[in-house]
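Scroll down for the structure; my scribbles are underneath it.
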Amino acid sequence: MVGLSDLPLRDDLRGKKPYGAPMDPVTYALNVNENTHPVPPAVREAIVKKIAQSLETINRYPDREFTALREALARYASRSHRQEALDASMVWAANGSNEVIQQVLQAFGGQGRSVLGFPPSYSMHPIIAESTGTTWSVGSRESDFSLTPAGVESAIRLTSPDVVFLCAPNNPTGTPVSLETIEAAYDATDGMVMVDEAYVEFHPEGSPTASELLPGRERLLISRTMSKAFAFAGARVGYLLADPAAIDALRLVRLPYHLSGITQAAALGALEHADVMLAMVDDIRLQRDRLLRELPKLGFTVCESQANFVLFGGIENPQKLFTDLLEHDILIRDVGIDHHLRVTAGTEEEISFFLETLGRLSR
Ligand SMILES: *Cc1c(COP(=O)(O)O)cnc(C)c1O
């Protein structure tokens, strides 16, 4: 059998592991922070119509600048933005925010450059750093997983990164990041600061987002996604808010026509029904708060969360609990933090089943 080691692979990729969230077929999939509510049939029909329209010109390459989609995303992002509306020149998109993040490192990282992250955080950040040849540096968090302006500043001084990644709220801990911390990071570096706001829609109502810091900060990038609150993970659409100059940098590294006509049409259809797509966010927040309330009653510790998942601890043997839950048709996530597991806030029924099962197992 031929293995990877037999191929002339790049030296820096030897021995690396691919991203590998398990994809076991289970009834209760609470492991990758999707919105577990399916897209309502009326919106699915509207999306099908859009896709059908796009097929009329599918013999041609799609709009390379995906102008209509950038305009729709700008309108959508402006809803939660408490300042002057964002316009399309400040919006970029790609096949999932993972691709956006990859483009950011292709443009601003790469050989001889470094990116600073604060683990435990999103597992794809170091993987994308590796695949783009960018050195991965780490700073530390407080014991409750939070970040402080002083802590972030000192990590930046120590490592002099070309790019800083902040995940707000942080995956897998759920921890919020204050605007003061983001500002402190920006002021401490001459490099790019990327705030990964994949879970921004789950913030408490009316709380600020990093987009408010954009005016006058051309090195600030904010990545978002339609994969989580927007219930559109399978369509693969992520986007970025930034100064138009930073977006010009991404045009240098994107592949031509990277967003297919079908993807653009589907995303436009979904964005036209943003209110319906987001209708379940309030319920998901309730289920998250229910997890935060109920897990301690079962003897677990929980981390403050502003996302659609909860990291819970005090688990003697996480691998065993993970497997026991899997035997009961529930898939959650072992994120590799000692004595902890992470669970996605799903539907009321899913969380009831999860809590009941967990209660029986831990007793
Ligand atoms: C889920 C997630 C993403 C989303 O990735 P997509 O490629 O848009 O599906 C990005 N960042 C974080 C922190 C995530 O948890």
Side-chain angles (χ1 to χ4, degrees), residues 18-23 29-36 39 66 69 73 76-77 91-106 115 117-129 131-132 136 141 145 147 163-177 182 193-203 209-210 221-241 250 254 258-260 263-264 266-267 270-271 277 281 284 288 303 305-311 332-337 342-346:
Y19 173 85
M23 302 215 294
L30 302 173
N31 62 328
V32 284
N33 302 339
E34 297 147 333
N35 182 335
T36 65
V39 173
F66 43 99
L69 177 57
L73 285 167
Y76 171 65
V91 178
W92 183 249
N95 297 282
S97 54
N98 281 321
E99 189 181 47
V100 172
I101 298 165
Q102 182 180 55
Q103 291 171 343
V104 166
L105 287 188
Q106 285 174 325
V115 52
F118 294 87
S121 192
Y122 184 41
S123 62
M124 278 308 295
H125 289 163
I127 293 177
I128 297 170
S131 70
T132 57
W136 176 246
R141 292 177 175 270
F145 300 118
L147 292 175
V163 183
V164 179
F165 281 174
L166 299 169
C167 192
N170 186 51
N171 178 10
T173 61
T175 322
V177 180
I182 297 166
V193 175
M194 194 199 71
V195 185
D196 186 333
E197 288 193 335
Y199 299 95
V200 71
E201 289 95 343
F202 298 107
H203 273 182
T209 92
L221 311 169
I222 298 160
S223 81
R224 300 213 181 146
T225 181
M226 293 177 73
S227 295
K228 305 291 161 58
F230 222 90
F232 221 44
R236 310 304 299 126
V237 184
Y239 56 103
L240 183 94
L241 309 175
L250 303 187
R254 62 95 179 271
H258 67 288
L259 269 185
S260 85
T263 303
Q264 294 183 40
L271 284 161
M277 295 293 278
V281 165
I284 294 165
R288 170 198 65 205
C303 296
S305 173
Q306 292 197 350
N308 67 335
F309 54 82
V310 171
L311 183 75
I332 63 169
R333 191 76 179 268
D334 181 352
V335 291
I337 304 177
R342 189 193 70 192
V343 60
T344 303

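Note that ligands are numbered from 1 as they come in the structure, with each ligand's atoms numbered from 1 the same way. The residues of the chain are indexed from 1 along the displayed sequence. No experiment lies behind these values; they were computed from the predicted model shown.
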Is Leu271 close to Leu73 at the side-chain level, that is, under 4.5 Å between some pair of heavy atoms?
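Yes, at least one pair of side-chain atoms sits under 4.5 Å.
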
Report the distance from atom OH of Tyr19 to atom OG of Ser131, rounding to the nearest 0.5 Å.
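Rounded to the nearest 0.5 Å, the OH-OG separation comes out at 14.5 Å.
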
Say you draw a straight line from CE of Met194 to CG of Leu166; how long is it, rounded to the nearest 0.5 Å?
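Between Met194 CE and Leu166 CG, I get 8.5 Å after rounding to 0.5 Å.
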
Assess [X] for proximity to ligand 1: is some non-hydrogen atom of it under 4.0 Å away?
X      : answer
Cys167 : yes
Asp196 : yes
Arg236 : yes

Output yes when the distance from some N or O of ligand 1 to some N or O of [X] is under 3.5 Å, and no in every other case.
X      : answer
His125 : no
Tyr199 : yes
Ser97  : yes

Which atoms of ligand 1 sit under 4.0 Å from any heavy atom of [X]?
X      : answer
Ser227 : 6 (P), 8 (O), 9 (O)
Gly96  : 6 (P), 7 (O), 8 (O)
Ala198 : 2 (C), 3 (C), 10 (C), 11 (N), 12 (C), 14 (C)

Can you report which non-hydrogen protein atom sits closest to atom 3 (C) of ligand 1, along with the distance?
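Nearest protein contact, heavy atoms only, for atom 3 (C) of ligand 1 is Lys228 NZ, 3.3 Å.
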
Which label fits Phe230 and Phe232: parallel for a plane angle under 30°, tilted from 30 to 60°, or perpendicular past 60°?
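Answer is perpendicular, since the angle exceeds 60°.
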
Side-chain donor/acceptor pairs under 3.5 Å, residues 117-125, sequence neighbours excluded:
{"unit_1": "Ser121", "atom_1": "OG", "unit_2": "Asn170", "atom_2": "OD1", "d": "2.6"}
{"unit_1": "Tyr122", "atom_1": "OH", "unit_2": "Asn98", "atom_2": "OD1", "d": "3.1"}
{"unit_1": "Tyr122", "atom_1": "OH", "unit_2": "Asn98", "atom_2": "ND2", "d": "3.3"}
{"unit_1": "His125", "atom_1": "NE2", "unit_2": "Asp196", "atom_2": "OD2", "d": "3.0"}

When you compare the side chains of Asn33 and Arg333, does any donor N or O come within less than 3.5 Å of an acceptor on the partner?
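Distance-only check fails for Asn33 and Arg333.
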
How close do Arg288 and Phe202 get, heavy atom to heavy atom, and via which atoms?
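In terms of heavy atoms, the two residues are closest at NH1-O, 3.0 Å.
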
